[in-house]
Amino acid sequence: MNDNRPLILISNDDGYHAKGINSLVGMLTDIADIIVCAPESARSGFSCAFTVNDPLRLKLRREGEGYVMWSCTGTPVDCVKLALDQLFSNGRKPDMIIGGINHGDNASVNTHYSGTMGITLEGCMKYIPSVAFSLCDCSADADFEPLRPYVRQIVRRVLSDGLPKGVCLNVNFPVAEHLKGVRVCRMARGSWFNECEKRSHPRGYEYFWMTGHYRNDEPEATDTDKWALDNGYVAITPTQVDVTAYDMIDKMKDWEQ
């Protein structure tokens, strides 16, 4: 690793083998040195979960020009915690942490379930500028090439300007060969329904698949991430760790005793 180049930690929730994370590494090795620490297998939906009851293992998977790739047996957040503790020498911290590129969108309320966003929030809580990248395509062989100029531009901007403490970026890309541009927007209000699918096993018992369908609860709003994605734009949502509902503090003063 070259001390004169920026240093980026990358993880994901699809596993170290996923096309998204490997495409991301290929987009950035000329900009920065990269350490990858990603789960051994898919860990979608793990949000900010970390492991407390089982030991974790790190395994060096490969090294290339400008990057080193490790896998971890734990969650996406475990990957960040272990990497920061074990893989960065001489007390140097990464200049930036990136989650992704995720196979599937993490817009609207999906933010709260996302392991990709768990990575980014963990970096944010460590006061390291952090960004999540996600593409609205769950297929294993999704085409990430149209994202390249936007990913590089955003990474360069964050490396140059930084981000305020407690703020990270949730970046989602629509599926399109030619993207219309970028919108900085808020998280759409949405909800999931029909989330449990009951089935009968041949051995006589019932079991359940967690599935569900997403509904945009404000489809007419034009300032949301969902609107941007539905209309062919890259959606950047500034996201903060502090979830305090500040406008309620004064309204609830009469609760105090």
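Since the model is a prediction, treat every value here as computed from it, not as a measurement.
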Going by heavy atoms in the side chains, are [X] and [Y] under 4.5 Å from each other?
X    : Y    : answer
E218 : N216 : yes
F144 : K19  : yes
M69  : E63  : no
M117 : E122 : no
I35  : F88  : yes
F133 : L24  : yes
K253 : I249 : yes
I101 : L147 : yes

Are [X] and [Y] connected in the hydrophobic side-chain network, where two residues link if heavy atoms are under 4.5 Å apart?
X    : Y    : value
L163 : V182 : yes
I34  : L159 : yes
V167 : I154 : no
I98  : V77  : no
M248 : W255 : yes

Crowding at [atom1], [X] (>12 non-hydrogen neighbours, <6.0 Å):
X    : atom1 : answer
F50  : CZ    : no
K59  : NZ    : no
R152 : CZ    : yes

- Applying side-chain contact (heavy atoms from CB on, under 4.5 Å), name anything that partners Y113, two or more places apart in sequence or on another chain. W192
Least distance between heavy atoms, [X] atom then [Y] atom:
X    : Y    : value
D14  : S44  : OD1-OG, 3.7 Å
A176 : P146 : O-CB, 3.6 Å
L9   : A83  : CD1-CB, 3.8 Å
S11  : C37  : OG-O, 2.6 Å
L121 : C168 : CD2-SG, 3.9 Å
A32  : P6   : CB-O, 3.2 Å

Assess the side chains of [X] and [Y]: does a donor N or O sit below 3.5 Å from an acceptor N or O?
X    : Y    : value
S108 : N110 : no
R215 : S191 : yes
T224 : R186 : no
D78  : T75  : yes

- Task: Any side chain to side chain donor-acceptor pair (under 3.5 Å) involving residues 158-170? Give me the pairs, sequence neighbours left out, ordered by first then second residue.
- Result: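 The answer is T111-N170, R157-D161, N170-N172.
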To the nearest 0.5 angstrom, please state how far the [atom1] atom of [X] sits from the [atom2] atom of [Y].
X    : Y    : atom1 : atom2 : result
E40  : C72  : CD    : SG    : 7.5 Å
E197 : Y207 : CD    : OH    : 8.5 Å
L28  : R148 : CG    : CZ    : 8.5 Å
D95  : R5   : CG    : CZ    : 11.5 Å
Q86  : L58  : CD    : CG    : 7.0 Å
R92  : L7   : CZ    : CG    : 4.5 Å

Main chain of [Y], side chain of [X]: is a donor-acceptor contact present, judged purely on distance under 3.5 Å?
X    : Y    : value
N194 : G212 : no
S114 : T116 : yes
R43  : T73  : yes
S71  : A38  : no
S130 : I128 : yes
N22  : A18  : yes
D105 : L135 : no
R61  : H17  : no

- Task: Validate the cation-pi geometry between K226 and Y214: distance from NZ or CZ to the six-membered ring centre under 6.0 Å, angle to the ring axis within 45°.
- Result: yes
- Task: Report the C-alpha separation of F208 and R199 in whole Å, then their side-chain angles, then the decisive distance to 0.1 Å, and conclude whether the side chain to side chain contact (heavy atoms under 4.5 Å, CB included) test is met.
- Result: CA-CA 6 Å; F208 301 88; R199 298 186 182 182; over 6 Å; no
- Could you walk me through whether Y67 and R62 pass side chain to side chain contact (heavy atoms under 4.5 Å, CB included), step by step? CA-CA 9 Å; Y67 78 93; R62 64 177 182 272; 3.2 Å; yes
- Message: Please enumerate all residues that pass ring pair (Phe, Tyr, Trp, His ring centres under 6.0 Å) together with H213, with sequence neighbours excluded.
- Response: F193
- Using ring pair (Phe, Tyr, Trp, His ring centres under 6.0 Å) as the criterion, list what pairs up with Y205, not counting sequence neighbours. H201
- Task: Apply the test side chain to side chain contact (heavy atoms under 4.5 Å, CB included) to residues E145 and E177: give CA-CA distance (whole Å), side-chain angles for both, the deciding distance (0.1 Å), then the verdict.
- Result: CA-CA 9 Å; E145 194 57 30; E177 186 175 347; over 6 Å; no
Name the atoms and distances for all side-chain donor-acceptor pairs under 3.5 Å in residues 228-240, with sequence neighbours left out.
| from | atom 1 | to | atom 2 | distance (Å) |
| --- | --- | --- | --- | --- |
| N231 | ND2 | W227 | O | 2.7 |
| Y233 | OH | R183 | NH2 | 3.3 |
| T237 | OG1 | C185 | O | 3.4 |
| T239 | OG1 | T237 | O | 3.0 |
| Q240 | NE2 | D242 | O | 3.2 |

- Task: List the steps and the verdict of side chain to side chain contact (heavy atoms under 4.5 Å, CB included) for V131 and V158.
- Result: CA-CA 9 Å; V131 178; V158 173; 4.0 Å; yes
- Residues S139, D141; criterion side chain to side chain donor-acceptor pair (under 3.5 Å); working and verdict: CA-CA 5 Å; S139 64; D141 195 34; over 6 Å; no
- Show which residues join V243 in its hydrophobic cluster (side-chain heavy-atom contacts under 4.5 Å, direct or indirect), or state none. none
